[in-house]
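Chain letters run A, B, ... following the sequence lines, proteins first and then strands; every chain starts at 1.
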Amino acid sequence: MLDLKLVRDHPEMVLRMLEGRGQDTGALARFNELDLRRRTLLREVEELKAKRNAASDQVARLKKEGRVPEELIAENRELSQAIKRLDPEVAKVEDDERQLLSGIPNLFDDSVPVGDEGQNREVRRWGVPPEFPFEPKNHWELGEALGLMDFARASKISGSRFVVLYGALSRLNRALIDFMLDLHTLGHGYREVWPPALINSQSLYGTGQLPKFAEDGFKIENSDLWLAPTAEVPLTNLFRNEILEPGEVPVSVTAYTPCFRAEAGAAGRDTRGMIRMHQFDKVELVKVTRPEDSMEALEALTRDAEEVLRGLGLAYRVVLLSSGDMGFSSAKTYDLEVWLPGAGAYREISSCSCFTDFQARRAGIRFRREKGAKPEFAHTLNGSGLAVGRTMVAILENYQNADGSITVPEALRPRLGGLTAIGVPS
RNA sequence: GGAGACGUACCGAAGUGGCCGUAACGGGGGCGACUCGAAAUCGUCUUGUCGGUGAUGAGCCGGCACGUGGGUUCGAAUCCCACCGUCUCCGCCA
């Protein structure tokens with residue numbers, strides 16, 4: 001959520017942002033109208049309340065003297081009735097304004113290229129896409145041929161966009177989670193967290209998934225709980241409505257969770273394979289920083305995510321997203337795209353974003369610079385470190401051999417009991 | 001799931017219709033005094049938010065907040081209702 005006063009006093013900034021994101025700018029005019037109306041009403045009702053409070057004190061004083069000021073009480077009754085009429089009106093306008101404001105996306109950083117997807121900018125590449133003396137296969141062809149990846153039975157159990165993994169692939173999935181968590185905790189100084197995977201609507205509101213993106217989530221029936229779409233939600237909401245003391249900032253936390261997404265708008269896209277699932281595993285990185293440190297923290301967080309790909313020897317590139325391609329809450333986003341030989345393309349495997357104070361304002365995440373100082377909104381960041389399913393996809397496609405077996409990346413071998421290849425008796 | 005108790009500031013906790021909300025009392029923390037320094041002691045300060053007015057500062061004026069939301073009342077932390085959470089006991093259970 002943007003700062004109310006910023007929207008009020010600097011509409012030109014908001015306008016530029018909405019245009020850059022390719023969004024309807026009408027919200028701004030509606031906001032001004034509502035804000036003016038709210039403040040007018042508020043003044044009116046607050047004046048009445050001040051009068052009533054003063055009169056009530058007066059009643060108390062007179063009663064103490066043994067008098068019963070019938071007239072004053074009658075006057076006050078009328079004041080109260082007027083307040084009772086106005087209060088719901090104020091509440092309604094406040095609610096409308098909040099709803100409108102919470103539907104306005106975040107301002108984007110000056111370094112973000114303005115425009116649509118075509119303006120996305122590759123900032124660096126790492127590694128060399130492997131050459132194959134044969135036609136490289138898709139991960140699902142490889143996985144199914146090995147008998148270790150089963151979409152048919154997943155569909156029987158659950159439906160489309162689910163997968164069953166067996167044996168070495170199931171173990172590879174587990175090893176990847178372990179590898180990533182160890183790298184980030186032991187190597188990059190993150191604190192490991194094991195959070196809930198069912199999340200209440202307040203928390204989803206705090207990170208910006210609600211109210212705008214309700215159709216992307218799975219909601220539990222007869223309950224206020226949702227399946228977590230990403231560990232970003234529980235990790236960031238760890239600090240919701242809290243004031244962090246000077247020594248506690250910056251915060252770096254990481255968690256593995258299963259993630260659940262309805263993929264409502266993705267009909268027909270990535271229908272085959274493990275790229276776009278209703279359920280997938282992800283290791284997430286979250287940071288909470290002081291405002292002046294957040295852009296540098298985004299660079300650090302992105303590098304932390306890149307380290308996973310480097311450790312696994314997977315070629316990738318880093319893409320700075322344009323204003324029109326960025327997420328709703330983000331001020332600046334780097335996507336990590338891994339090379340997939342089966343697809344012959346770089347595909348997103350991590351998205352690292354700085355949300356400035358946008359989530360912090362919604363979620364009430366604040367900090368103090370010094371003991372006793374006034375609390376300020378912190379900045380929040382997150383990134384995938386990495387999406388586990390897509391990492392497995394990348395390993396299968398990049399490490400495939402002519403006979404359909406998969407070489408295990410060196411870094412993972414200790415976690416797979418020394419296994420060097422999947423699919424051939426060694 | 002059933003029964004009971006509880007929810008007030010950074011922590012503990014008092015307050016049972018107005019003189020009780022920065023909010024008693026205790027602790028913690030900041031600043032100061034004493035001290036060569038420290039401890040002990042003493043003094044003092046320690047919520048946030050919205051609106052108005054200032055300059056988007058300081059200050060001042062006002063509204064709101066005693067888990068959340070309603071209700072009763074001229075007036076609610078206090079009485080009533082619903083919901084949420086915590087604890088204890090019982091039941092069930094990986």
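- Look at CG on A/Asp95: it is 16 Å from C1' on B/rC50, rounded to the nearest Å.
- At the phosphate of B/rU49, OP1 or OP2 sits under 4.0 Å from a side-chain N or O atom of A/Arg366.
- The A/Arg39 side chain lies nearest to B/rG51 when the options are B/rG48, B/rC74, B/rG51.
- Across all strands shown, B/rC93 has no partner, as no Watson-Crick or G-U wobble contact with both distances under 3.5 Å is found.
- Note on A/Arg98: every side-chain N or O is 4.0 Å or more away from OP1 and OP2 of B/rC50.
- B/rG85 and B/rC6 make up a base pair, with Watson-Crick or G-U wobble contacts both under 3.5 Å.
- Judged by Watson-Crick or G-U wobble contacts below 3.5 Å, the nucleotide B/rA77 has no partner.
- If you measure from atom CD of A/Glu46 to atom C1' of B/rC50, you get 7 Å, rounded to the nearest angstrom.
- Spacing between atom CD of A/Glu47 and atom P of B/rG62 amounts to 13 Å, rounded to whole angstrom units.
- Close to B/rG18, at under 4.0 Å from its OP1 or OP2, lies no side-chain N or O of A/Asn53.
- Within 4.0 Å (heavy atoms only), A/Leu79 reaches no atom of the nucleic acid at all.
- Taking atom CG on A/Asn76 and atom C1' on B/rA76, their separation rounds to 14 Å, with Å as the unit.
- Using a 4.0 Å cut-off between a side-chain N of Lys or Arg and a carboxylate O of Asp or Glu, A/Arg261 and A/Glu263 do not qualify as a salt bridge.
- At B/rC61, none of the side-chain N or O atoms of A/Lys49 fall inside 4.0 Å of OP1 or OP2 (strictly under the cut-off).
- Within the 6.0 Å centre-distance limit, the rings of A/His278 and A/Phe218 are counted as a close aromatic pair.
- Listed nucleotides B/rG63, B/rC50, B/rC64 differ in distance to A/Lys5; the shortest reach to its side chain belongs to B/rC50.
- Within 4.0 Å (heavy atoms only), A/Arg38 reaches sugar-phosphate atoms of the nucleic acid but no base atom.
- Atom CG in A/Leu36 sits roughly 13 Å away from atom P in B/rG51 (whole-Å rounding).
- Side-chain nitrogen and oxygen atoms of A/Lys84 include at least one within less than 4.0 Å of the OP1 or OP2 phosphate oxygen of B/rU72.
- For A/Arg415 and A/Asp182, the salt-bridge test passes: some basic side-chain N is under 4.0 Å from an acidic carboxylate O.
- Per the geometry, CG belonging to A/Leu42 stands 16 Å off P belonging to B/rU49, to the nearest Å.
- Distance from the side chain of A/Arg52 is smallest for B/rC64 among the nucleotides B/rG63, B/rC64, B/rG48.
- Rounded to an integer number of Å, the gap from A/Asp87 CG to B/rG69 P is 13 Å.
- Checking B/rG52, B/rG75, B/rC50 against the side-chain heavy atoms of A/Arg43 singles out B/rG52 as nearest.
- Minimum heavy-atom separation, A/Ala154 to A/Phe162: CB-O, 3.3 Å.
- With rounding to whole Å, A/Ile83 atom CD1 is found 10 Å from B/rA76 atom P.
- Considering only side-chain atoms of A/Ser80, the nucleotide from B/rG18, B/rG63, B/rC74 that sits closest is B/rC74.
- The pair A/Asp335-A/Arg347 does not meet the salt-bridge criterion, since no charged nitrogen lies less than 4.0 angstrom from a carboxylate oxygen.
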